[in-house]
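What follows is a set of notes on a single structure, which appears directly below.
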Amino acid sequence: MIPGDRFDRVLVVLLLAVLLSLGGLLATQARSGAGAVTIDRNLERDLAARARLAFFEQTYAPVLSLQAAGNDQQALMKLEELGRRYPGEAHGDILRAASLLRLGALPEAVAAAVRAVRRNGDYVDRDSPFSQRPVIEQLVDEGLSSLAEKARLAPGNATLGEALKNVYYLQSRLAGGCE
Amino acid sequence: MMSISLLKKLVCAGLLLGLVLIPAACKPQRERPKMKIGFMNCNSAPETLQRFRPLTRYLSERLDIDFEAVPVDTQDFEERFAAGEFAFTHGNSLLYIILKENHNLQLIATEKRGQFGARTAGAIIARSDSGMKSLQDIKGKRMVFGPQLAPTGYLAQYNLMLDAGLDPERDLAYYAIPSGSYKHEKVIYAIYFGAYDVAAAPALDLEVMIEAGKIDADDITILGQSPIIPYCTFGAAEKVDPQLVERFRKALVELTPETTVDIDGEQVKVLKAAWIDGFEQLTDTDYDLIRSWARRANMPPYQKF
Amino acid sequence: MGRFDRHGWLILLAGAALGLAGVMLAAWGNPENSGICVSCFIENSAGALGLHGNERMQYLRPELVGFLLGGTLSAALFREFRSRGGSAPLPRFVSGLFLIVGCAVFIGCPIKLVLRLTAGDWTAVAGLVGLVGGVWVGLRCLAAGVHFGSGRRQSGGSGLWLPALFLLFLGLLFWQPTFLALSASGSGAQHAPMLISLGVGLGLGGLAQRSRFCITGSLRDLLLMGRRAPLVWGLAAFFLVALVANLGTGQFHSGYYGQPGSHLDALWSGLGMLLVGWVSVLIGGCPFRQLIKAGEGDADAGLAVLGMFAGGALVQAWGLAATAAGVPLFGKVAVLCGLVFVLVSCLLFRERSST
């Protein structure tokens with residue numbers, strides 16, 4: 001397409017002028033940032049994640065020290081109390097899963113872990129500061145060895161079937177993929 | 001305008017239809033079989049009926065049987081069951097074992113409530129400022145237990161003490177069991193208000209009271225806790241048709257928190273009214289731990305005189 | 001089979017390259033079994049552009065940019081760039097949207113379907129059945145006279161704008177402005193090095209443009225012509241190379257349970273891919289092929305690509321996408337709406353003989 005008449009030439013000149021202005025604007029104003037209202041989502045998100053981590057560390061510290069001392073029932077009671085203040089908080093559920101596992105309530109531990117992971121996928125991430133992979137891996141290993149065998153021996157048992165489905169969900173999340 | 005012959009035909013057809021439909025509408029409903037379910041009283045007969053009337057209605061509708069809920073005190077349960085007063089039972093897991101061993105009760109399903117689902121545990125607790133840290137510290141202290149036939153109010157804790165090398169009959173200053181109803185809550189309040197030093201508390205009651213804000217988790221120290229055992233259990237007499245038992249089980253296990261029944265014109269949530277989260281199908285071997293505890297504590301059904 | 005001609009060898013090469021790249025990109029950092037997944041990449045890219053708020057799926061995928069621009073470069077080099085379009089633009093836009101809906105319910109595009117199968121994920125079999133079924137139904141519709149129309153040669157450079165848009169995306173990739181969202185966790189944070197992804201994308205885009213390789217096109221040809229069709233051999237090469245690569249890199253884990261990025265809802269996997277196969281036949285190619293055609297100047301395909309971006313945004317913003325927990329109710333509703341759309345389109349776009 002070659003500019004033909006005067007009108008075409010005017011259009012081409014205007015086009016070049018606008019392109020030059022755009023280039024100049026990006027080159028100069030981008031550096032100075034004057035009048036800019038920047039949207040730095042990534043920084044905001046990073047700050048929110050750090051704040052969330054600090055909040056968890058502070059709020060759930062008593063639970064973690066009880067768990068470390070082997071007082072899992074006491075830890076569960078504390079989680080119950082915290083659950084009144086922060087209902088539906090995923091972190092409570094993942095810590096609950098760990099204590100329930102140690103106390104021998106495997107199906108309930110798996111269900112608690114599933115609730116937590118569905119609300120916050122960071123628990124299955126390898127590199128996340130929120131990662132709880134070791135607990136979830138243990139739940140999957142024990143679930144596959146004991147629940148799978150029980151379900152095999154009692155094929156009509158709906159409760160076992162549901163518990164096994166939860167184990168498979170955690171297994172799939174640990175394997176990764178687009179989620 | 002309609003012709004007279006057509007009008008006559010329509011009137012005849014209407015009369016004929018009426019002759020067929022009216023008797024059908026007036027036909028009496030088929031009699032449903034009647035059966036009774038014995039519900040162990042936790043605190044009182046009125047409370048038991050209020051809790052389990054919706055569940056009983058639900059079972060009646062699902063199984064096309066007229067079930068009647070019969071509230072029964074724990075101490076009278078075996079006797080009344082043996083007398084054939086009711087074919088289905090709902091009671092704690094120790095009661096299930098007693099009826100199973102002595103009368104071949106069929107296991108139907110186990111109730112789910114609380115964080116352990118269809119299981120629960122018994123704990124020995126003290127006030128957090130009592131200075132006690134372990135079970136050895138309860139020697140020479142005043143202890144309060146729940147009812148003797150409560151697996152997680154007495155039996156579990158008795159065994160915990162035996163496991164720790166403590167003799168409940170000798171190593172305590174004394175022990176008591178509160179009178180009246182709400183015994184499990186009373187034992188927790190007993191140590192909370194300092195009437196006793198140590199209590200045998202079901203983990204479920206601790207959970208419920210914390211959830212309700214009656215106590216705080218920081219108020220209590222758990223000195224020891226038993227392994228988890230099955231919770232309250234539905235059973236059926238030996239003579240009940242196994243197919244009916246299977247249908248009963250299915251009806252229970254399929255209950256969801258949204259299931260409702262009509263009670264006096266009101267839609268009532270079945271599980272919520274009964275204080276239950278659901279039902280789970282366990283096996284008889286899941287109750288073996290309670291059997292070992294009962295043998296060790298010389299409790300029914302293994303009691304020797 | 002006969003001897004392959006030059007074009008046939010190009011198809012084999014494109015298939016093999018797709019298989020190898022699909023596995024290696026996962027080994028180099030892309031999500032498991034998702035070394036190449038056009039629908040996942042579009043969802044991620046839509047998130048990066050701020051079109052949805054799922055913080056775990058926000059990354060402007062260089063592969064996506066590479067596919068389209070690679071097609072453009074190849075078309076320009078071989079003088080095949082033609083601005084064309086103008087046939088059923090809005091239905092194509094909506095078709096693109098529903099392509100992504102179907103993929104999101106299956107959790108993967110047709111390329112990822114093959115990658116999942118070659119990684120031992122047996123849950124993908126239901127998707128394969130659905131995809132083949134959808135292609136078959138689409139062919140029946142074509143035979144019955146359903147026709148969205150062919151794009152006409154257009155003046156005014158209408159086909160330039162999508163490559164221009166993707167050039168902008170290329171600029172954003174290097175410039176990394178603060179308004180571009182970037183996941184810190186989740187699958188959006190899993191990616192191969194940018195230059196490698198871009199290079200692979202450009203290479204595959206060029207190969208695909210020259211060879212006209214397309215997954216649903218291969219299935220279409222298989223159903224129409226059997227083993228004679230060169231595209232079928234391209235698909236076979238893709239499958240075999242991906243299988244060997246998965247075995248070689250230790251990414252082959254045979255089983256039905258616990259597979260990455262999959263769920264156990266076989267019915268909806270099948271229906272999602274049925275929708276994808278059906279729509280792909282009607283608009284002339286799978287999501288990957290739409291990108292390549294858009295790069296060649298096909299404005300109709302460009303609208304389908306824009307529809308795919310809209311779909312990528314919606315499936316995440318409205319929670320339509322399936323997860324390992326299964327398919328949400330509204331995801332199922334969306335698939336059924338997609339089937340309604342395609343059925344209505346078939347009724348409306350059918351050329352009936354006047355006898």
Side-chain angles (χ1 to χ4, degrees), chain A residues 59-63 65-67 69-87 92-115 146-147 149-164 166, chain B residues 109-110 112-126 128 133-134 188 201-231 246 249-250 252-256 277-283 285-286 289:
Chain A
T59 307
Y60 292 96
V63 175
S65 59
L66 285 167
Q67 286 181 331
N71 293 335
D72 283 300
Q73 181 59 41
Q74 198 98 37
L76 286 173
M77 279 166 44
K78 191 67 189 170
L79 282 168
E80 199 63 47
E81 193 183 293
L82 288 169
R84 285 204 322 263
R85 247 183 285 156
Y86 308 107
D93 270 326
I94 200 71
L95 294 177
R96 185 173 284 115
S99 284
L100 286 171
L101 176 62
R102 280 191 289 271
L103 289 170
L106 181 59
E108 288 71 33
V110 170
V114 166
R115 283 195 304 271
S146 77
L147 288 177
E149 181 59 21
K150 282 184 187 171
R152 195 185 63 79
L153 293 169
N157 192 320
T159 317
L160 280 173
E162 191 59 37
L164 200 54
N166 283 340
Chain B
T110 312
K112 290 202 289 189
R113 190 177 173 201
Q115 62 203 357
F116 293 124
R119 291 169 174 81
T120 186
I124 295 180
I125 63 171
S128 52
K133 298 274 181 256
S134 72
I188 296 170
L204 179 61
D205 288 79
L206 286 170
E207 184 188 328
V208 166
M209 288 176 77
I210 290 170
E211 199 182 1
K214 291 178 180 175
I215 57 171
D216 281 338
D218 294 333
D219 297 334
I220 306 287
T221 294
I222 296 181
L223 303 172
Q225 180 162 301
S226 72
I228 53 177
I229 54 168
Y231 189 49
E246 184 53 41
R249 177 183 297 123
K250 196 162 181 283
L252 288 175
V253 169
E254 285 177 1
L255 267 168
T256 69
D277 296 333
F279 286 92
E280 190 175 320
Q281 185 183 352
L282 297 183
T283 61
T285 52
D286 289 319
L289 187 57

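Bear in mind that the values here come from a model prediction, so they are computed numbers and not experimental data. Throughout, a chain's letter reflects where its sequence line sits, starting with A, and its residues are numbered from 1.
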Search all heavy atoms of [X] against all heavy atoms of [Y] and return the closest pair with its distance.
X	Y	result
B:Phe116	A:Glu108	O-CD, 3.2 Å
B:Val253	A:Ala158	CG1-CB, 4.0 Å
A:Leu100	B:Gln115	CD2-O, 3.6 Å
B:Ile222	A:Met77	CD1-SD, 3.3 Å

Chain A contact via [X] - side chain, backbone, both or neither, heavy atoms under 4.5 Å:
X	result
B:Ala121	neither
B:Gln281	both
B:Leu206	side chain
B:Ile220	both

Whether A:Glu81 side chain and B:Ala217 backbone form a donor-acceptor pair below 3.5 Å
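Yes.
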
Would you give the length of the straight line joining atom CG of B:Asp216 to atom CZ of A:Arg84, rounded to the nearest 0.5 angstrom?
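The CG atom of B:Asp216 sits 6.0 Å away from the CZ atom of A:Arg84.
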
